Student: 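Let me begin by handing over the structure; questions about it come next.
For clarity, every value in this text was computed on a predicted model and none was experimentally measured. Keep in mind that the numbers below use all heavy atoms, side chains included, and drop hydrogens, waters and symmetry copies. Throughout, residue positions are numbered sequentially from 1 according to the sequence presented.
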Amino acid sequence: MLYDLYHFLHNSIGICFWELPALLVAIIMVVVIIVHSRNQKKRENEYEKQREEKLEALRSDAQGSALNA
C-alpha cells in the first residue's frame, strides 16, 4: 500500500514521497505561528491596559498625597 502511494506520488504527480508530509507539517507550523502571534498580541494589549490603569492609580495617589501635604 505504501509502495503504491510512493509510485502514485512519484510517477503521476511528480513529487517526492516525503514532500507531502513535509508540506503538511509546514502548513501546520504556519497556522500555529499565526495563532500564537494573535494570542500574544492580545496578551500584550491586556498587559498595556492593566499597566496604564495601575500607573493612573499611582498618579492619582501621588497627586492626592501631594495636595494633602
Side-chain angles (χ1 to χ4, degrees):
M1 181 175 149
L2 217 48
Y3 188 71
D4 293 333
L5 178 62
Y6 170 79
H7 275 289
F8 171 72
L9 290 174
H10 188 69
N11 295 332
S12 298
I13 300 176
I15 62 173
C16 181
F17 180 72
W18 292 108
E19 288 180 7
L20 191 60
L23 181 63
L24 271 139
V25 168
I27 290 171
I28 290 170
M29 287 178 61
V30 167
V31 168
V32 166
I33 288 171
I34 289 171
V35 168
H36 174 72
S37 65
R38 290 183 68 205
N39 289 342
Q40 182 65 26
K41 192 66 169 173
K42 287 179 186 177
R43 285 191 293 266
E44 287 175 1
N45 289 340
E46 289 174 10
Y47 173 77
E48 283 295 321
K49 287 178 185 176
Q50 290 175 355
R51 188 176 72 87
E52 287 297 324
E53 289 172 359
K54 288 180 182 179
L55 284 174
E56 188 62 35
L58 287 173
R59 285 184 194 132
S60 64
D61 288 344
Q63 287 177 353
S65 64
L67 292 176
N68 291 336

Student: Output all residues satisfying ring-ring contact (aromatic ring centres under 6.0 Å, His included) with Tyr47, sequence neighbours left out; order by chain, then residue number.
Tutor: none
Student: I need the Asn45 CG to Gln40 CD distance, nearest 0.5 Å.
Tutor: 10.0 Å
Student: My understanding is that only residues two or more places apart in sequence, or in another chain, count here; which of them pass side chain to side chain contact (heavy atoms under 4.5 Å, CB included) with Arg38?
Tutor: Ile34
Student: Less than 4.0 Å between a side-chain N and a carboxylate O, is that true for Arg43 and Glu46?
Tutor: no
Student: Just how far is it from atom CD1 of Ile33 to atom CD1 of Ile28, taken to the nearest 0.5 Å?
Tutor: 12.0 Å
Student: Nearest 0.5 Å please: distance from the CD1 atom of Ile27 over to the CE atom of Met29.
Tutor: 12.0 Å
Student: For Arg59, is there an ion pair with Glu56 - N to carboxylate O distance below 4.0 angstrom?
Tutor: yes
